[in-house]
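Each remark here refers to the structure printed beneath this line.
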There are 2 protein chains.
Amino acid sequence: MGMRNYKNISAFFKVLSHPTRLMIVKELLNGKKCVSDIRDLIKARQSNISQHLSLLKLNNIVAYKQKGKMKCYFLKKPRLIRDILKVFL
Amino acid sequence: MGMRNYKNISAFFKVLSHPTRLMIVKELLNGKKCVSDIRDLIKARQSNISQHLSLLKLNNIVAYKQKGKMKCYFLKKPRLIRDILKVFL
DNA sequence: TTTTCATATTCGTATATTCGAATGTATTTA
DNA sequence: TAAATACATTCGAATATACGAATATGAAAA
């Protein structure tokens, strides 16, 4: 996907360079999840999860759909994420 | 390669999350280079290049061989690096 | 409308990262 | 040995990141 230069690619790595964000992204590979689902899967406070989700959204890695009072987050480029993580198997 | 968990993988991303370090790594994909070669390729001060190389070495991404008064740096896992960057083409 | 539930934002503080300038350390050459 | 070359390390200041606590928002249920 259109990320040719160093700054874009290193910025992308920076977003994935936090264990919590990496966990979130990995969980989202299995499908949409709302914030409380993610919070149950990952040991972290609600505000912290929200903060990381916000950064992921800012960097165009996730988006969400409102479902009632919940927000269901999903990966915007699941194949990119999958391809990258595949390298570490 | 042997990087199972979130912490290891996110730490690896963190090392690549700086434009200068990513540039260094990309240049080293073309083969060994000594510090002054790298400095010529990348617009940065000598001490700064050294600092980034030191971090790359600490994280087991590069190593070097002494050649006279120069140090020739090279990638320890060039295929891993190549495979990761390939994803962004 | 009030309350409740799900999530977001703000704020303060602690910690980490980055860089340049200066200095240190080998190694080689004179 | 002394000077030069190549690179590393240290230090301090600026900036960035991370987190929890508290508070805010917004949708739905009562």
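What you see is a predicted model; the values in this text were computed from it and never measured. Letters A, B, ... mirror the listed sequences (proteins, then strands); counts begin at 1.
- Rounded to whole angstrom, the span from the NZ atom of Lys71(B) across to the C1' atom of dT5(D) amounts to 13 Å.
- Atom CG in Leu56(A) sits about 15 Å away from atom C1' in dT7(C), given to the nearest Å.
- For the side-chain contact (heavy atoms from CB on, under 4.5 Å) test with His52(B), the passing option among Val62(B), Thr20(B), Val15(B), Leu22(B) is Thr20(B); the others fail.
- Put simply, NZ on Lys33(B) and CD on Glu27(B) are 6.0 Å apart, with the number rounded to the nearest 0.5 Å.
- Within 4.0 Å (heavy atoms only), Tyr64(B) reaches no atom of the nucleic acid at all.
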Point to revise | Contact pattern, 5' to 3', of nucleotides 19-30 of chain C - B, S or - by protein heavy atom under 4.0 Å | key: BBBB----SS--

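- Taking the six-membered ring for Trp and thresholds of 30 and 60 degrees, Phe12(A) and Phe88(B) have ring planes more than 60 degrees apart, a perpendicular arrangement.
- The side chain of Lys14(A) contributes an N or O atom lying less than 4.0 Å from OP1 or OP2 of dT17(D).
- Non-hydrogen atoms lying under 4.0 Å from DNA chain C are contributed by nothing in residues 24-39 of chain B.
- From Ile42(A), atom CD1 reaches atom NZ of Lys26(A) across 11.5 Å, with rounding to the nearest 0.5 Å.
- Here CG of Leu16(B) is found 5.0 Å from CD1 of Ile61(B). Values are rounded to the nearest 0.5 Å.
- Across the protein-nucleic acid pair, Ile49(B) atom CD1 and dC7(D) atom P stand 11 Å apart, rounded to whole Å.
- With hydrogens and angles ignored, the 3.5 Å screen pairs no side-chain donor or acceptor of Gln51(A) with any backbone N or O of Leu53(A).
- The side chain of Tyr73(A) places an N or O atom within less than 4.0 Å of a non-bridging phosphate oxygen (OP1 or OP2) of dA8(C).
- By the salt bridge (Lys or Arg N to Asp or Glu O under 4.0 Å) test, Lys43(A) pairs with no residue at all, sequence neighbours left out.
- With Ser17(B) contributing its side chain and Lys14(B) its backbone, the two residues share a donor-acceptor pair below 3.5 Å.
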